[in-house]
Enquirer: 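I'd like to ask some things about the structure below.
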Amino acid sequence: MRTRFAPSPTGFLHVGGLRTALFAYLIARQSKGRFLLRIEDTDQQRSVEGAVENILRTLHWAGLDPDEGVMMSKGMVKQEGTKGPYVQSERLELYQKYAGQLLKDGHAYVCFCSPERLTKMREGQMARKQAPMYDRHCVHLPKKEVEQRLAQGEPHVIRLLVPHDHVFTYVDEIRGEVSFQGHTVDDQVILKSDGFPTYHLAHVVDDHLMEIDLVIRGEEWLSSTPKHLLLFERLGWEPPKYAHVPLLLNKDRTKLSKRQQDVAAEDYIQKGYLPEALINFLALLGWNPGSKQEMFSLAELTEVFSLDRVQKAGAIFDLTKLDWLQGQWIRKLPIAEFADRLQELTAKRFPGAAHDPHFKERADLIHERVTFLKDGPDMLAFFYAEPKISVELLANTKQKVSKDLLPKILKTLVETLESISEKEWVIENLKEQLLACAKEEDLSQGQLLWPLRAALTGLPYSPGAFEVTVALGRPTTLKRLENAQKILR
Ligand code: GLU
């Protein structure tokens with residue numbers, strides 16, 4: 001299968017776009033086919049500088065590099081493949097040629113209607129509660145008059161002539177059989193007055209010439225499909241298959257909007273989501289695996305994904321689910337990889353972390369507790385900088401550690417720990433001795449361990465007291481406990 005992703009370079013890559021790209025990628029991989037990237041920049045006013053690079057970088061981050069078309073190599077955008085160019089603004093002559101052919105064959109017509117006339121026409125239709133549609137004012141203009149006006153350079157567009165008595169029926173890969181009555185289909189503009197095609201003509205020409213087998217795109221294009229099928233027919237070409245993926249919805253079932261949620265894939269990258277988590281999440285937006293399994297890698301998705309398990313109804317963009325998947329994927333990272341990714345980030349804050357021979361063990365201590373890598377450096381800070389401690393932190397009402405009790409607890413801790421040698425500084429031993437001492441001093445476990453952990457880390461939440469004590473080692477532990485004693489005075 002040859003599939004494609006065909007974004008418009010209007011700024012950022014929408015998460016819905018990334019999901020479409022994912023589905024198209026999966027189908028191409030499954031069939032050992034090719035996944036193309038085409039840039040649809042026929043609306044030049046909406047094109048934004050740097051948007052193509054941004055799209056490519058995001059696709060690369062997600063693991064969805066295209067096999068053909070517009071690609072990135074060493075940070076530079078290039079085009080690769082025999083069916084190019086793959087940027088629509090570089091294909092204008094092709095669209096003009098096919099628009100001319102449609103005109104010549106009587107399947108399209110020239111329209112000179114001014115924007116003002118069209119606005120008035122639409123307003124009238126709306127006032128009469130009719131669906132806004134071109135009223136065919138120019139369809140019967142005599143050929144001579146058309147030629148004359150064209151020769152005088154009068155602004156014009158080319159419209160597709162839709163047969164009103166036609167019933168358009170096709171089988172959508174997701175929605176099954178879909179039918180439209182010809183008289184409800186507008187005579188779509190296919191070539192604009194500036195010589196640029198509209199999306200409708202451009203993508204039909206491109207999907208044909210680029211030999212696309214399956215078009216996967218957003219539901220918003222469903223009602224335009226009859227025009228596209230008509231274009232294929234009028235140009236004498238076999239149409240590809242179409243699959244319209246469901247809309248993404250906010251929790252209140254309105255269309256996913258910037259006002260309620262981040263909609264740019266980039267926002268999620270910046271927030272620290274792993275590509276594995278976002279891809280897994282997007283796959284489940286509309287696709288149902290048919291089993292209880294919830295975690296899928298890209299490779300697993302390639303195995304099991306199928307369009308017949310994609311629903312028609314809109315899919316709710318549930319951030320709680322995304323965060324859950326993020327946590328799962330972080331924990332699933334092998335510790336070496338987790339530590340590698342985290343070390344780079346931590347070293348930016350604490351240069352010493354870059355060459356820390358114990359980094360992996362330290363990272364392992366927080367592996368179960370991190371949801372976002374970017375929170376890691378804060379959680380590891382106590383290894384690289386003196387923690388900031390206060391009486392308020394050391395005391396804890398929930399653990400029944402009152403300020404008055406702190407001097408006794410700290411003294412007990414120091415005495416017990418001082419009696420343990422470097423050699424015996426291992427988890428089992430520390431545990432045994434500290435718990436025995438708590439009993440002896442009539443303190444609960446929490447009363448003894450809370451201040452210990454807090455004094456060592458300066459944090460209200462951290463890995464357990466024993467783990468931290470071992471990881472910091474004897475000298476640092478004792479020094480920090482002494483510091484804690486000092487702030488009590
Ligand atoms: N450029 C169109 C869009 O961004 C592409 C739709 C399609 O995939 O055909 O919505």
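Numbering of ligands and ligand atoms starts at 1, following listing order. Because the structure is predicted, anything quoted here is derived from the model rather than measured.
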Enquirer: Just say parallel, tilted or perpendicular for the rings of W221 and H228, cut-offs at 30° and 60°.
Expert: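 Taking H228 first and then W221, their aromatic rings sit tilted (interplane angle of 30° to 60°).
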Enquirer: Taking side chain to side chain donor-acceptor pair (under 3.5 Å) as the test, write out the residues that go with Y170, two or more places apart.
Expert: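 Side chain to side chain donor-acceptor pair (under 3.5 Å) check on Y170 returns D172, H244.
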Enquirer: For E219, is there an ion pair with R175 - N to carboxylate O distance below 4.0 angstrom?
Expert: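 Between E219 and R175 there is a salt bridge, with a charged N closer than 4.0 Å to a carboxylate O.
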Enquirer: F305 and F23: aromatic ring centres closer than 6.0 Å?
Expert: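 Ring centres of F23 and F305 closer than 6.0 Å.
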Enquirer: Show me, by chain and number, every protein residue that has a heavy-atom distance under 4.0 Å to ligand 1.
Expert: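 Its neighbours under 4.0 Å (heavy atoms only) are R4, A6, S8, E40, Y199, R217, W221, given by chain and number.
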Enquirer: Do F383 and F359 have their ring centres less than 6.0 Å from each other?
Expert: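 No, the ring of F383 stays outside the 6.0 Å limit from the ring of F359, centre to centre.
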Enquirer: Taking the basic N atoms (NZ, or NE/NH1/NH2) and the acidic carboxylate oxygens, is any pair closer than 4.0 Å for R29 and D67?
Expert: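 Answer for the salt bridge query: yes.
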